[in-house]
Structures are given as C-alpha cells and as structure tokens.
Enquirer: 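This is the structure I have questions about; it appears just below.
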Amino acid sequence: MTAPRYHAVLIEDDPQIRRFLRTVLPSEGFEVFEAESGERGLVEAATRKPDVVILDLGLPDLDGAEVIRRLREWSPVPILVLSARTREQDKIAALDAGADDYLVKPFGAGELMARLRVALRHGSARAGGASEPTFAVDGLKVDLAARRVSIGGRDAKLTPIEYRLLAALVKHAGMVVTHRQLLRDVWGPAYVEHVHTLRVHMAALRHKLEADPARPRYLLTELGVGYRLAAE
Amino acid sequence: MDNDRPDPDQLLARVRREERAETRGKLRIFFGACAGVGKTYAMLSAAREQRSEDVDVLVGVVETHGRKETAALLEGLTLLPRKSIPYRGVELEELDLDAALARKPRLIVVDELAHTNAPGSRHAKRWQDIEELLDAGIDVYSAMNVQHLESLNDVVGKITGIRVWETVPDRIFDEAHEVELVDLPPDELIERLHEGKVYMPEAAAGALQNFFRKGNLIALRELALRRTAERVDRQMREYRTDEGIETPWPVAERIVVCVGPGANAERIVRSGARLAARMKADWTAVYVETPRLQRQPDAERDRILRNLRLAEQLGGIAVTLGGGNVAEEILAYARASNATRIVVGRARRDGLRAWLPLSAADRIVAGASDLEVQVVGETEDTASAPTKALLARSRDHLGVRPRGKQRWPRYVWAAAAVAVATGVAALTDPFFEPANQVMIYLLAVTLVAVRLGRGPSVFAAVASVVAFDFFYVAPRWSFAISDTQYLLTFGVMLAVGLIISNLTANIRTRARIAGYREQRTTALYAMSRELAAADDTEDMLRIAVKHIAQVFESQAVILLPDGDGRIRQPRGASTDASLHGADLSVAQWVFDHDEPAGLGTDTLPAAQAHYLRLAGSQGPIGVLAVLPASPRRLFVPEQQRLLETFASQIALALERSQLGAAAKQSELSAESERLRNALLAAISHDLRTPLASIVGASSSLLERGERMDPRGRHELARAIHEEAQRMSGLIDNVLDMARLQSGAASLNRQWHPLEELVGATLKRLETALAGHRVQTHIPGDLPLVNVDGVLIGQVLANLLENAAKYTPRGTTIAISAEVGHEELVVSVADEGPGLPAGEEERIFDKFHRAAPEGPQSGVGLGLSICKAIVQAHGGTIAAENLPAGGAVFRFTLPLVGSPPEMAGDPGLRRAA
C-alpha cells in the first residue's frame, strides 16, 4: 500500500462504526486517527492536521455542535457529521455551527466516499483560496464569471434571484446547504425565517432547469434541512 | 328470645374498642373532689414509680402551686420546656404539644385536664391536646376535679355557688383507661388548708370562707365517690357483657330532650345528658323553630344555638325541626325515632301565668300517652347573668350584631287605617246603625292584621274601639259607654285582629321556611347536577366553591393533598368565591384527624375559616375551608348539616373523578400493554428473519469465504446489505410510531410545494423503487400546503414502499395530485394484485399485514403511521381497488389559510 494521500480524524464513540471506517478508509487512501470523545477529538484534530474530520453527533462528553464550534474557531477543515436518523433540528444545528455535510446512519461505504470526495474538493478549494469559476454536471453548466447558466446546451433564462440562489448552491456543490444559509446568502440576514419564499423560488428554478421537477436530477431536497446541488 | 349470647353489635363495638385501645395510649386520671386533696402528688408519685421501672417518663405540665412536697417529687424526672404564647402583652406558658409528640415518650404527665389553653394554641382545651397524645400512642397521666366534669358542672355550681367554666366532656372521663380516686376526708383537707399546704396562706383564708366550707366539701366528696362508683359499675357491666354474662339489659333507650328558648334550657340539656348517661341511652336535643320563635330577638336565638351545641358536646345529637306546634312536632319526632323518654322543661306557673293557655310542656305531657316524660322545673337561681355575659362574648366572637327593625311606620299605617274607617263610617252615619258601622272598623282591623302584623292589629283594634266609642256610640263625643253590649264588639275586634295577624304571620313564616328549604334542596340538586356533568377535578372544585359560596354566603376553597398526603395550596384559577390564604396547617390537621377545626370549633378556634374534612368512601379526599360572611349562616345545626351534606356530595364527586381517572389510566395501560405485546411479537418475528440471513451469510463469508468464487461472495455480501437495510427500515417505522404515539412529534408546519416533497421522497427511495416504473402527475400550479414536510414525506415514502413491496417488478406506480374541495388529494396507484376484499379499512390498523407471516415482511406499521400523520394534519386516508386492477391509496390535506407574503428582494433593490 502506498503512502496515504489524506489524513482523517474520526471522532466516534461506537467501536463498531470505528472498526468499519478503519477498514474502509485506508483502502481509499486515508490514514485514520481515531478519538472516542469530543475532547480527545479536538486534540487529535489540532495535532494531526487532518484533511477532513468525521464527527459523530452523539458523543458521551460534548454536544456535537459544540465540538464543531470549537473546531471552527481555528480551523476551516471540512467536517462531515454522522448522525442517527433523529430530529432534523440536530442536523441543522450542526450544519449551522459550521459542519459541511452530514450522513445519516446507517450509511453505505459508497455514500460515505461520495461525501468525502465532495468535502475534500471543497477543502482544497478553500485552502487554495479560489473556487472554480465554472460548474458542470450532466447537461447543467454554470459559468460564475460570465453569469451564464445553460441546460442541455441551451441558455436558461433565470431571474436575478434564481441566479443567485443557484450560484449559492454551486459554491457548495454536492453538499447540503441549510435553508438558513441560503436565505442569508441570497436575501440577507433579516430573512432567515422566510423558508417558504425560498421554496417558491426553488420550485421556479426547478421548473426552468429540471426535465421533471417532481423527480429532480440537480436540485435535490433534504427534507426539513435544506438543499443540495447534485455534484456528480 | 335468645339472651345467652352477647349482642353482635355489642361484640363489634367491643372489638373496635379493643382495636383502638391497642394502638392508643392509656389515659390515667387522678380524680379528686376538689383542689388540695393531693392529686398532683399522687400523680407524680405514680410517675416516679414508673420511672424507677425504666419507663420513659416525661413531665409535660405540672402545677405545684408552690407546694414543697410536690415540687420535691419533680426531681429526677425529665421536664418538657413549656411553650410560651404571647397573648395581649402577657406570655402565657402552655404544654408544648408538638415537642411532646416529637419526643414521643412512653408516658407523659399533664396536669389539670380541664385547663383552657391560651388563645392561639392548636386546641382550645387541654383535654384535646391529651386526646392527640393518646392517639399518638403515648400514655398520659392527668388530674381533674369533680366540678370539671361537664355533666356535673351545673350541679357543683349549685352546691358551691361557684360555677367553673373549664370543663371536660364526660366521654373523656368514661373512656379513660383508669380513674384513680384521690380521696381525703373533709376535716383533713381543711386542716391542710389551714397549714397552707393547699393555697398560699393569704389566699387560703378567702378560700376557706367561700369554697372550702365543710358542707361543700362533703357534697363534692360524695359526688366524686358516686361518679367513680358509676364508672366502676359501668365497667362491671361491660365486663359482664364482654364475657357473655346475662344481665337484665333494657332495650336501647332513646331520649328526646326538648330545647326551648327559656333560661332553663341549659339545665334541661344537662339533666337530659345525665339521664342518658345513666340509662346508657342515645339522646337527641330537639329544637322546634316555630314562627313565634323565629321572631325572637337574636340574643334568644343565640342561646338556643348555644344549647344545641352544648348538647352535641355532651354527646347528643342536635336537631332543628320546623313547624307550628311545638308539642306536636316533638311528639311526632319522638315517635318516629322510637324514643322512649322525653325530657321537657316547664316554666313556673304561678300568679297570673297560671291563667295563660297550656304550655308546650303541658301539651307534650298530655299527648305522650305512650312515652315517659320527665319535666324539669324552672328554678329561681337559673344563672342568667353569666349566660348573658357568655352570649355577649359569643356574639362578639361570631361577629353578629343584633338587628334593629323600623317598626313605627306600621303603627302609623294602622292609625291611618282606623282614621279612614272612621271617615267611611261618618259617610254612612245617616243610613246605618252603629252595630253595622262597627263592621267597617272590623274590616280595617282585619286588613291591618293581614298586612301589618300583630302589634299594629292590636293597636288598630284598640284604636277602633276607642274611635267607635267616641264618635258613634251614644253618648257621642265622649268615652262613656252607656251600652255595655259594645264590650263584646271590643272583644271580638281584638280577637279577630290577633287571630288573623297570627295566622298571617304563621303562614308567612312557613312559606319562608318552605322557601328556604326549597332553596337548599334546589341548591344541593343544582350542585350535584353540575358536579355530575363535570369530569375534570379543576371543574369540580370551581363548581363546588361557587355553590357553597352562594348557599352559605361565604368564601370557600377546597384543598387537596399531594401524593404524600400533604395538603397543598390550590392551583386552579381563583374566582370571587375563592377563599384566599387558607391556613394549610389547620387544613392538614383536619385532614389527618377527621374533625372540623377553625372558626366555630374548639380546635384552633382562632383560625379565620371553618375547616371540614371531605371524606370519600375510601378515605379522606381533601379539606373544605369556608369563611362565612356571617357565622350564623354556618353554625345553626341545620346549616351545619347542610354544609356536611354539601361536603359529602363534593367528596363523592371528587372521588368519582379520581376513580374515573384511575380507571382511564388502567384502560390506557391495558391498551398500551396490548400494543406492546403485538409489537414485541411482530418485532421478534420481523427482526429475527433478516437477522437469520445476516448471521448466516456473514458466518459463511467468515468461515469459508476463501473457498467461494467471487460471485458467491458478492451474493452473500448483498444479502447481508439488503437484510440490514430492511431491519433499518423496520426500526425507523417502530421509532416513528413511538414518537407519534408519545405525542413527542408535534407538527412543524411550513408551507411546502407538494412537488418538492414528492421529489425528495422519490430521491430517498431511489434504490427501493429501482424495479418499478414511477410516474408523477403533479400539476405545476398546485397551491402550497401547510404541513410538516418531513412527516408528509414519510407518508409518501411508506405508501411508495408499500406499493413497491406488494406489486410485481416492472409494473408502474403512479403518484398524482389534484385540488379537491378545500383540500389537496394525493394518490399513489399501483398495478398489483389489489387489496383483499374487506381489508380496505383494516390495513391501516397497527400490526396488520395483508398476508401474515408472508414473504413480504414489515411489522405492518407503515400504513398506520400514514394514518396517524394524515389525521394529525386534519386529513383522511383511504384505500381501494381500481376497476382496472391494482390498488390506490388516497390521502387528503386540508387547504386552509394562505402562505405569508413573500420576502422582497433587498439585494436587488440595493443593486439598483
């Protein structure tokens, strides 16, 4: 086996999940540093200089959101949250605290690797300081520099709000973006509660970009949490 | 008749007595004829003896009165510090009851059983303190004199000329475990007195002059000896009954004691009580409230009230009857209650009074052919002065002021009526004889009697006769009566006036009494009805307080205990009728002791309100506190009983509600028990099946994976993965159901486009639906729905999964939506085999499955979760078979309200 390409810190108290990830991740080029508690995890994250942090929300010592906040005080490292399927509020709290994405337990290796890839891409972009000016997946192309959107080779006519909504999603392509984040980015901090406004504009955007808006290919909904722009 | 065996009732009473005696402390009374016979000395000697036998003895209160020998006996005994109670600037020292109860010795010495506690103590009397000590299982030594016995109180007062107001109910004396007579011949006592052993020398001289005359002492000694002998006699009889020894036992006697307004009523009550005690009879003090007695001044009525309460204190039952004729009512009551004897008082009939009509007592004697009647005569020395003083005090205490009534206008009206009659007679003068003119006056007198009452009618009769005589009887314009026949006119007119006014007054009073009665019955009925209709406790409390406030013109509150039996302040909203600041400690005492306390009782009489226990059939429910605007409203015996009736009604209603709640609770837990069992059964099946596959497949991989070809290994890994997914889905369903049932999942309603919910669900179920064609027919212009997106997404997911599970691969599942009548209708149709006939409703039941133990697994919670969620949103869900084959599930979501306004676009405005 060659030298690992990435370093991951895994903060998880359940030994079986740790075992599973410890088995899967090295085969994908990760070196894994494990921590059983939030405090221990924060130490690991500080000393190992990881490329990604995988964090379980149900830790024995610290609230997951608290770990994220303390991590975010000094590090922009991508954080992928693992949570049991419980209340959406916990996921939203973690995302609003600064987590980049989440995975609901139980999850498969495929899902995990897809999320990790997206997280690493954003991590390196963040580190590099500049995001890519264009985004393309399937027939959808967004040129942020030219403010141009095309679908299946034809230009899409978007209103300014729809464009900014799409641009906000492109910036986090592949990752979930909470309602709150989107509202703040597009409408401003005073509008973070106007979720239904967001939904109406999102529906309009779907009708312009999706072949079947009821079975979206690009603009995916995470019920109760936010939206995700499909990245692959 | 079989007299060989003891009466079962008596046996039962004996068992109860013994049961009570087992846990209760024993009271030993040192009983003397008067002060100075050496009771305290004897008591302390006995206590010391106990102490020497290592019994835990505590001296609660002992008055040595400066006697040296007595004080010496206290040495070596543990003394309980007294409690100091400030009263009008003086510190009064009393027995510290709570400290004694807390210390809980085997034996406590408490001197002076008849002592009256300082105002502000828990009980008015020391014997009540002692009762509480006995109840706590503590033995008590105490001392008292014969003059303090309630039933002998008046006799002693008469002998010695000195009435004491500190008394002890005979019950305490009779129920004492032991009574030790401390006897000293009068000569020796007088000697001791001279030696200054009883009182301090300066006080002794006065005492010798008054109380300690030899004659008095002999009489008191006789009384004490006789009373002790009576007690011994009673014990003997009890022993014989207990042992089944035959005695000539009279049938149970019942005595009716008539309480009248007279000054000697108290004496009658006391002698009735003594008689009853001697005869071992039940007795009742009866007061008949006639219209005439209703008109008595308040002082008289207060005295009656007091005597009725005295009767209750002496162990009798007090009853108030209403009616016109005292004798008839008493006799009817006596016969109805199987009384054998009537005690009645009679006013002295000497001088002019002998000419009055027969008194009630005489008529009772005349009418009671089948009953024994004991007549108590009136005596000269009936202590009316102290009675008056006491009444004044009790009135002060009760806050009652005598009412004054303006009478004079009625006499003015009467005079006017006579004047009019004279005028009319003047008009008729030329045509009519005086004998007929007098009829006009008679009419006037009759009218006055009907309208204005007795006094004015007498006045009118006299005035009419005078006017008639003056104006119309010859010689006119003078009062001379030439013709004596007009004396008859005068007499008739007076008689008519009196008869009619009496009749009218009686009718009015009776109507008023009947009115009161009806009011009370109606009030009770109204409350019962409202209580029956209410089913939560808060409601009942409010209703009860409202009615008590109305009927008794008072403020009231019902205090309920918490789980530990501690009375708590009420929590519900209060109304005008609510009593605020009820004393919880008093309420607690009442709750624990089942005796009323507070205002109008002897326990904690200083408390503002009257506290009454609400007793249900299975124990105490709570405490009712009533603060009447006028205490009279509450303390007439009849009102007391009405209040008790109200209290028991309330208690029963509250008990019913508590039992109802308990029943509901157990029903609920039975239902959840049933569900739990079904759930356990279903889970154990549905979890074991996939687990079996997982365990089997994974162990194969572990043990012989190397020997398998890659395809086989892949197949096993897939089986593990799929079965694990299935288990995961199952657990999600169970958790969802639990959350929905526990009510933890409150709806997080937001405005959603249905399209988005469908899209998110389809994305989530991508793998599960991979084998089916999915069509969506969702119009682009559907209105937003105000729902919990996550939960409605779950409904869609369950319906889609269900369709995928029960229909063959390759068939189509169609999701469509349309706007119905103020609702959005969403349907999921499949092309499968459809629902079994008759199952359309049942499939939404918990743990229901189309084919039990079939290949399609799942606990059968999916559809019942859908139903719960849709119903929580105010919608409906149903399933049916399609004519063309396949099943369709339809659910509706109400379209109510409209989404809030859309946010503007500050960013664009800024850019512009």
Side-chain angles (χ1 to χ4, degrees), chain A residues 84-89 91-92 104-111 159-165 168 179 183-208 210 212-228 230, chain B residues 721 724-725 727-729 731-732 735-736 739 744-745 748 750-764 766-767 769 774-782 784 786 788-794 796-797 815-817 898-912:
Chain A
R85 181 178 161 273
T86 49
R87 298 182 314 148
E88 276 60 35
Q89 265 69 5
K91 299 173 198 162
I92 296 171
V104 174
K105 292 179 188 174
F107 52 86
E111 280 174 89
T159 65
I161 275 204
E162 285 160 4
Y163 175 76
R164 287 199 291 153
L165 187 54
H179 298 134
L183 284 160
R184 198 180 48 222
D185 287 1
V186 177
W187 280 269
Y191 293 85
V192 292
E193 303 298 335
H194 290 246
V195 183
H196 82 281
T197 304
L198 171 62
R199 290 206 178 96
V200 171
H201 285 283
M202 186 60 78
L205 195 55
R206 278 207 189 99
H207 277 266
K208 288 181 181 174
E210 300 281 4
D212 180 357
R215 308 186 69 179
R217 162 71 184 85
Y218 312 110
L219 299 164
L220 309 179
T221 308
E222 299 280 335
L223 272 187
V225 179
Y227 294 100
R228 183 195 301 276
Chain B
H721 179 70
Q725 291 286 9
M727 276 177 68
S728 164
I731 287 165
D732 283 349
L735 289 179
D736 279 346
R739 267 166 65 194
N748 172 23
Q750 291 184 358
W751 293 93
H752 290 269
L754 183 76
E755 187 181 80
E756 188 175 291
L757 301 178
V758 170
T761 310
L762 287 175
K763 180 77 191 160
R764 202 180 115 201
E766 233 168 8
T767 343
L769 293 172
V774 178
Q775 292 177 356
T776 54
H777 308 285
I778 299 179
D781 56 352
L782 280 186
L784 300 185
N786 190 21
D788 185 319
V790 176
L791 291 180
I792 293 300
Q794 189 62 40
L796 286 166
I815 310 163
S816 51
S898 50
E901 270 190 40
M902 301 267 287
D905 191 345
L908 289 186
R909 275 201 301 279
R910 213 167 39 232

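Numbered from 1 within each chain, the chains take letters A, B, ... in sequence-line order.
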Enquirer: State yes or no: are the ring centers of A:His201 and A:Trp187 separated by less than 6.0 Å?
Expert: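 That pair passes the under 6.0 Å test.
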Enquirer: Under 4.5 Å from any heavy atom of chain B, what part of A:Tyr227 do you find: side chain, backbone, both or neither?
Expert: side chain
Enquirer: Name the option with the most non-hydrogen atom pairs under 4.5 Å to chain B; the candidates are A:Val225, A:Leu198, A:Val200.
Expert: A:Val200
Enquirer: Spell out, as yes or no, whether a donor-acceptor pair under 3.5 Å connects the side chain of A:Glu210 to the backbone of A:Leu219.
Expert: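 Answer holds: yes.
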Enquirer: Is it the case that the side chain of B:His752 and the backbone of B:Asp788 share a donor-acceptor pair, with hydrogens and angles ignored and the cut-off at 3.5 Å?
Expert: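 No; zero donor-acceptor contacts below 3.5 Å.
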Enquirer: Tell me which of these, A:Gly224, A:Gly108, A:Pro213, A:Ala190, has more heavy-atom pairs under 4.5 Å with chain B than the rest.
Expert: A:Pro213
Enquirer: Give the ring-plane orientation class for A:His196 versus A:His194, where under 30° counts as parallel, over 60° as perpendicular and anything between as tilted.
Expert: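 Ring orientation, 0 to 90° scale: parallel.
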